[in-house]
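Each chain gets a letter, A, B and so on, in the order its sequence line appears, and its residues count up from 1.
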2 protein chains.
Amino acid sequence: MQRVFEALSSPVRRKILAYLAHADLTAGEIAAKFEISKPAVSQHLSVLEVAGLVTSEKKGQYVHYSLAPDQLTNTLNGYVQEVCPVAKPLKRESAALAKARANKPDDAGL
Amino acid sequence: MQRVFEALSSPVRRKILAYLAHADLTAGEIAAKFEISKPAVSQHLSVLEVAGLVTSEKKGQYVHYSLAPDQLTNTLNGYVQEVCPVAKPLKRESAALAKARANKPDDAGL
DNA sequence: TAGGTAATTAGGCAATCACTTAAACATTGA
DNA sequence: TCAATGTTTAAGTGATTGCCTAATTACCTA
């Protein structure tokens, strides 16, 4: 949770996630999209991986990175639910969400 | 957007938002809930306010802070939608969400 | 095995962050 | 007006962050 929000606080890291949302990429392909050095990108990728937002798989000499969408959506949605409970729900979508939540016993309390 | 994620990267600030989710509080009441000094809390409140996550209203010598739930939910939900588009939806909730969305012409696109 | 490419680790530095105490500002009430 | 209370601003400090270059590790191929 802390690691996720910390990871998302960097524009570069959010941009990396956006790239990975469209396609898996190698570390080098990601680095090529930024002005900063490769080691700097590697560090960002490490932060994202520790936060569980991306996964990596080594294939030969390349390391392929993938988005871990569940970790992202679960954390953010869960947080929104926690801070903006039922009182003032999300918006339109909240109706469906609240219904879904009513079905299973709540263990979301941080 | 950047300011929102930056604001959320601090555990203290997330805790403040959680407190304000239950009730409006004055600066002093918020500060009393933390070990850190009042000026430190005041700075955190300032960050939250600049990010649009809270609003403040001065009443006499007190300053009352309130959660701005829309800014929070809109930003986070919008971001989730952007990074994890339709392809790989949320998770359990996504079923209900997708169903709900199917019912009415979609205008939820960020 | 040697050379080249991909990626990470290590070490160092400037900038930023979170916090502190002290001071200032604003409001209330005697 | 003066003192007390609530809050913010200011100034300074130690820790952390983000970046760099250089070195290292891992893999592939000739």
Side-chain angles (χ1 to χ4, degrees), chain A residues 1-20 22-68 72 75 79 83, chain B residues 1-20 22-68 75 79:
Chain A
M1 167 88 163
Q2 169 57 26
R3 288 191 218 273
V4 168
F5 277 111
E6 199 171 309
L8 292 176
S9 73
S10 156
V12 171
R13 290 191 288 262
R14 289 200 304 278
K15 219 166 182 180
I16 291 175
L17 293 179
Y19 285 131
L20 291 177
H22 292 94
D24 292 3
L25 296 170
T26 69
E29 288 170 336
I30 295 168
K33 294 177 177 297
F34 295 91
E35 301 282 306
I36 63 181
S37 69
K38 259 162 98 160
V41 172
S42 187
Q43 285 174 328
H44 283 302
L45 287 169
S46 171
V47 170
L48 289 170
E49 187 162 22
V50 167
L53 295 174
V54 306
T55 59
S56 68
E57 190 182 355
K58 184 155 190 175
K59 287 182 182 172
Q61 60 189 118
Y62 297 89
V63 177
H64 291 255
Y65 283 88
S66 308
L67 186 67
L72 182 59
T75 299
Y79 179 71
V83 166
Chain B
M1 168 86 161
Q2 168 57 26
R3 287 191 219 274
V4 168
F5 277 112
E6 199 170 310
L8 291 176
S9 72
S10 155
V12 171
R13 290 192 286 263
R14 289 200 305 276
K15 219 167 181 178
I16 291 175
L17 293 179
Y19 286 131
L20 292 177
H22 292 94
D24 291 4
L25 296 170
T26 69
E29 289 170 336
I30 295 168
K33 295 179 177 297
F34 294 92
E35 302 280 309
I36 63 180
S37 70
K38 263 163 94 160
V41 173
S42 186
Q43 285 174 326
H44 283 301
L45 286 169
S46 172
V47 170
L48 289 170
E49 188 162 22
V50 168
L53 295 175
V54 306
T55 60
S56 68
E57 190 181 355
K58 184 155 190 175
K59 289 182 182 172
Q61 62 189 118
Y62 295 88
V63 178
H64 291 256
Y65 281 89
S66 308
L67 187 65
T75 300
Y79 179 70

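In this structure, A:E29 reaches neither bases nor backbone, as no heavy-atom distance under 4.0 Å exists between it and the strands shown. Among the heavy atoms of the strands lying under 4.0 Å from A:Y65 are primed sugar atoms or P, OP1, OP2 only; no base atom is included.
The A:P39 side chain lies nearest to C:dA10 when the options are C:dA7, C:dA10, C:dA22.
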List the steps and the verdict of side-chain contact (heavy atoms from CB on, under 4.5 Å) for B:Y19 and B:E29.
-> CA-CA 10 Å; B:Y19 286 131; B:E29 289 170 336; over 6 Å; no
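In this structure, A:Q2 contributes its side chain and B:S9 its backbone to a donor-acceptor pair below 3.5 Å. Counting only distance, with no hydrogens or angles, the side chain of B:R14 and the backbone of A:V83 share no donor-acceptor pair below 3.5 Å.
The shortest distance between side-chain heavy atoms of B:E57 and B:D24 does not fall below 4.5 Å. At a threshold of 4.5 Å between non-hydrogen side-chain atoms, the residues B:F34 and B:K15 count as touching.
For the pair B:S37 and C:dC19, the criterion of a side-chain N or O lying under 4.0 Å from OP1 or OP2 is not met.
Rounded to a whole Å, the CZ atom of B:R13 is 9 Å from the C1' atom of C:dA18. Rounding to whole angstrom units, CZ of residue B:R3 and P of C:dC17 are separated by 11 Å. Per the geometry, CD1 belonging to A:I30 stands 14 Å off P belonging to C:dA6, to the nearest Å.
Distance check, rounded to the nearest 0.5 Å: CD1 of B:I30 to OG of B:S42 gives 10.0 Å. Residue A:L8 holds its CG atom at 8.0 Å from CG of A:L48, rounded to the nearest 0.5 Å. Note that CG of A:L45 and CG of A:L25 are 10.0 Å apart. Values are rounded to the nearest 0.5 Å.
In summary, contact between chain B and DNA chain D, defined as any nucleotide atom under 4.0 Å from a heavy atom of the protein, begins and ends at D:dT5 to D:dT9 in the 5' to 3' direction.
Listed in residue order, the members of residues 40-61 of chain B having a heavy atom less than 4.0 Å from DNA chain D are B:S42, B:Q61.
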